[in-house]
Amino acid sequence: MKGLLVKDFLLMIKSKKVILFMLFIGIIGGINDISFATGYILMVLAILSLSTISYDEANHGLNTLFTLPISKSDYVKEKYLFSLIITGIGFVFVTILGCFSKSGFMETLIILSTALLLLALSLPFQLKEGNEKGRIVLFVVVFGCTFLFVFLNQFIPKFFQSIESLLNTLDPIMFSVGLLITSFILYFVSMMISIRVYRNRVLD
């Protein structure tokens, strides 16, 4: 597990120019709107953590990787742990960034929860279908959800009004913490699903 983590961190360092450029865009974009920087940076880091799967699969690399004393379960657990660590680093970064603005900490928690939910949805597809096919499936799911929200907002406006009214009655702290706990639970459930799915995957 430690060796896999070191490998993925080295892969991320190899892409440091891309990461620094995207972080720069996030900071510049957050000068007037820190919420943009918070969401942008966390989402970018979460998605970049998935790119290590693409590196592993390149040139049938998984066949070579699994000649080492690691199991498919270890591989899946490491990907979830690595993505969690990278997202956590991003969370610390945007929290420090938020100290220099009027950004609320609860807002950052909500965006962190969203990033974890995105990973929980993405990783099973990425691991089951491979990086390229996984991206297509994820795009279809995200596009479908977006279309659904637009449809509901356009033709059933009272739906969102009811949700907004409900959220206004909730305590912001309790809602943010509850959402974060829920996202961690779903992240763990996603990992269990991925382990079972990946064990049955036939490697190319």
(message) According to ring pair (Phe, Tyr, Trp, His ring centres under 6.0 Å), who are the partners of Phe82, at least two apart in sequence or on a separate chain?
(response)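 Testing Phe82 for ring pair (Phe, Tyr, Trp, His ring centres under 6.0 Å), a comparison that skips the adjacent residues, returns Phe9.
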Going from [atom1] on [X] to [atom2] on [Y], what distance comes out if it is rounded to the nearest 0.5 angstrom?
{"X": "Tyr55", "Y": "Met12", "atom1": "OH", "atom2": "CE", "result": "9.5 Å"}
{"X": "Tyr75", "Y": "Ser194", "atom1": "OH", "atom2": "OG", "result": "11.5 Å"}
{"X": "Leu65", "Y": "Ile70", "atom1": "CG", "atom2": "CD1", "result": "4.0 Å"}

(message) For Pro124 versus Ala120, what's the shortest heavy-atom pair and its separation?
(response)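 In terms of heavy atoms, the two residues are closest at CD-O, 3.1 Å.
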(request) Kindly give the heavy-atom pair with the smallest separation between Met191 and Val76, and that separation in Å. (result)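 The answer is O-CG1, 4.2 Å.
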Check whether [X] and [Y] end up in the same hydrophobic cluster, where Ile, Leu, Val, Met, Phe, Trp and Tyr are linked by side-chain heavy atoms less than 4.5 Å apart.
{"X": "Leu117", "Y": "Val177", "value": "no"}
{"X": "Leu4", "Y": "Leu62", "value": "yes"}
{"X": "Leu68", "Y": "Leu5", "value": "yes"}
{"X": "Ile181", "Y": "Leu186", "value": "no"}

(request) Using side chain to side chain contact (heavy atoms under 4.5 Å, CB included) as the criterion, list what pairs up with Leu84, not counting sequence neighbours. (result)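 By the side chain to side chain contact (heavy atoms under 4.5 Å, CB included) rule, Leu84 matches Leu116, Phe184, Tyr187.
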(message) Checking Ser113 now: which residues fulfil side chain to side chain contact (heavy atoms under 4.5 Å, CB included) with it, not counting sequence neighbours?
(response)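 If we apply the side chain to side chain contact (heavy atoms under 4.5 Å, CB included) test to Ser113, skipping adjacent residues, the hits are Leu179, Leu180, Ser183.
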(message) I'd like to check the salt bridge (Lys or Arg N to Asp or Glu O under 4.0 Å) partners of Lys77; sequence neighbours left out, ordered by chain and number.
(response)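 Counting only residues at least two positions away or on another chain, Lys77 forms no salt bridge (Lys or Arg N to Asp or Glu O under 4.0 Å).
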Using side-chain heavy atoms (C-beta onward) and a distance below 4.5 Å, is [X] in contact with [Y]?
{"X": "Leu118", "Y": "Thr114", "answer": "no"}
{"X": "Leu127", "Y": "Ile53", "answer": "yes"}
{"X": "Phe66", "Y": "Lys72", "answer": "yes"}
{"X": "Leu119", "Y": "Tyr80", "answer": "no"}

(message) So, using side chain to side chain donor-acceptor pair (under 3.5 Å) as the criterion, who are the partners of Thr87 when residues are at least two apart?
(response)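 Scan of Thr87 (side chain to side chain donor-acceptor pair (under 3.5 Å), adjacent residues dropped) gives none.
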(request) Under the side chain to side chain donor-acceptor pair (under 3.5 Å) rule, collect the residues that match up with Thr182, sequence neighbours excluded. (result)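 None.
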(request) Any chance you could lay out the side chain to side chain contact (heavy atoms under 4.5 Å, CB included) test for Leu123 and Ser83, step after step, and finish with the verdict? (result) CA-CA 9 Å; Leu123 280 164; Ser83 297; 4.2 Å; yes
(message) Checking side-chain hydrogen bond (donor to acceptor under 3.5 Å, both in side chains) between Thr52 and each of Lys79, Glu78, Lys7, which is the one that passes?
(response)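 Result: among Lys79, Glu78, Lys7, Lys79 is the only option passing the side-chain hydrogen bond (donor to acceptor under 3.5 Å, both in side chains) with Thr52.
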